[in-house]
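A quick write-up on the structure given underneath.
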There are 2 protein chains.
Amino acid sequence: MRWSEIDAIPCPVAQAMAVIGDAWTTLILRDAIRGATKFDEFQASTRASRAILSDRLSHLVEHGVFERVQYEAHPPRYEYRLTARGDALRPVLTVMADWAETHLPHKVHNWGRRHKDCGHRFRPVVSCSECGEPIKRGSITYDTPPVLKRERA
Amino acid sequence: MRWSEIDAIPCPVAQAMAVIGDAWTTLILRDAIRGATKFDEFQASTRASRAILSDRLSHLVEHGVFERVQYEAHPPRYEYRLTARGDALRPVLTVMADWAETHLPHKVHNWGRRHKDCGHRFRPVVSCSECGEPIKRGSITYDTPPVLKRERA
DNA sequence: CCAGTAAGTTCATATACTGAACTCAGTCAT
DNA sequence: ATGACTGAGTTCAGTATATGAACTTACTGG
């Protein structure tokens, strides 16, 4: 099966990957979160080829992660802004960055992430929306559990 | 620049992508978390081609996300087990799945994730490790902020 | 008219991916 | 001794995707 066909799988991780799982996409999102909006900004910061960048941005617009907005009429100029849906990916990138900072410390520059509200340097902890407790390993259950699917005979 | 060259960027997101950003890798991790260990289990559940699966598993072993363990001597048989480093990716997949469940509800089957400790269905919330409060949008600062880098002249 | 800008698009070439078949190191039944 | 089987990959012809450089488009300003 082709990677481009995974959008046919109704699993959340697969559906997320169908939107943001292509090469370069996560770096585009990283830069959008940092404030990039212009095509050449994304090209300069990601170093992706122009054709691929164009393709990825179109895909993200089609999936409602970016909106392509005209910011100048003469000449017509466009920029790419994160939508609410796109913005909601911040936690994904925060947790992913934390994983790299923790497990690949010799390979990453630590920017010194700090929580404004309490003023401390911090790590993102994934907690329960209901009781507020950090989610421990093994404390997640599923009402209708995803099982490993065998290919049908 | 080539996608395979992003491991030269000392940014956490880029380094994470260098380890887990290739096509199919996130689905492999999803299935490992669900209990898959055998090559054919991964092949059946991800539907990736055998050559690509082999390549991805090797890459993950090289980067310390899996360990390749002999589970039978005669004949020699191997399985792939998540390491602590690999297991630490659970929050990434949990948050990513939550994003898809929230923003692509018509495309995903919701397995009904529940927190064992409090018994509720829940959403993963990213909180501060120091004060325990959920991280609000805009409440993260960086001591040495990542800036959008221009390509050097 | 020309140089410049920003946002893509095109194309020759290179690389990666796919599906099916194959190989390897065994085991087991006949 | 042989053939069928298992699990874990490897190989290969064909196909798809990606890359870098150049190009195109729609302007503006001198």
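Quick note on labels: first sequence line is chain A, next is B, and so on, each numbered from 1.
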Does any N or O in the side chain of [X] come within less than 3.5 Å of the main-chain N or O of [Y], such that one atom is a donor and the other an acceptor?
| X | Y | result |
| --- | --- | --- |
| B/Gln43 | B/Leu53 | no |
| B/Arg114 | B/Gly119 | yes |
| A/Thr83 | A/Val65 | yes |
| B/Arg85 | A/His103 | yes |
| A/Glu67 | A/Val69 | no |

Subject >> A/Pro75 vs A/Arg50, nearer the 5' end of DNA chain D by closest nucleotide >> reply: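 Of the two residues, A/Arg50 wins.
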**OP:** Map B/Ser4 and B/Phe39 onto DNA chain D by nearest heavy atom, then report which one ends up closer to the 5' terminus.
**Re:**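 In this pair, the answer is B/Phe39.
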Subject >> Within 45° cone of B/Tyr78 ring axis and under 6.0 Å: B/Lys38 NZ or CZ >> reply: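 Because its charged atom misses either the 6.0 Å distance or the 45° angle limit, B/Lys38 does not stack over B/Tyr78.
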Please give, in whole Å, the distance from [N] [atom2] to [X] [atom1]?
| X | N | atom1 | atom2 | result |
| --- | --- | --- | --- | --- |
| B/Ile28 | D/dA8 | CD1 | P | 14 Å |
| A/Asp40 | D/dT25 | CG | P | 19 Å |
| B/Met1 | D/dT19 | CE | C1' | 13 Å |
| A/Arg56 | D/dA18 | CZ | P | 5 Å |
| A/Ile52 | D/dT19 | CD1 | P | 5 Å |
| A/Asp55 | D/dA16 | CG | P | 16 Å |
| A/Gln43 | D/dG20 | CD | C1' | 10 Å |
| A/Glu5 | D/dT17 | CD | C1' | 15 Å |

**OP:** On DNA chain C, check which nucleotide each of A/Trp3 and A/Arg68 is closest to and give me the residue with the more 5' one.
**Re:**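 Closer to the 5' end of DNA chain C: A/Arg68.
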Original post:
First and last nucleotide of DNA chain C in contact with chain A, 5' to 3', at under 4.0 Å to a heavy atom: what are they?
Top reply: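 Counting from the 5' end, contacts occupy C/dT5 to C/dG19.
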**OP:** Evaluate the side-chain contact (heavy atoms from CB on, under 4.5 Å) criterion for residues A/Leu57 and A/Ile28: first the C-alpha distance (whole Å), next the side-chain angles of each, then the deciding distance (0.1 Å), finally the verdict.
**Re:** CA-CA 8 Å; A/Leu57 288 169; A/Ile28 293 167; 3.9 Å; yes
**OP:** Name the nucleic acid region contacted by A/Phe42, choosing base, sugar-phosphate or nothing; use a 4.0 angstrom heavy-atom cut-off, strictly under.
**Re:**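 Since no nucleic acid heavy atom lies under 4.0 Å of A/Phe42, the category is nothing.
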Original post:
Would you say a side-chain N or O of B/Tyr71 is under 4.0 Å from OP1 or OP2 of D/dA8?
Top reply: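 For D/dA8, OP1/OP2 do have a side-chain N/O of B/Tyr71 under 4.0 Å.
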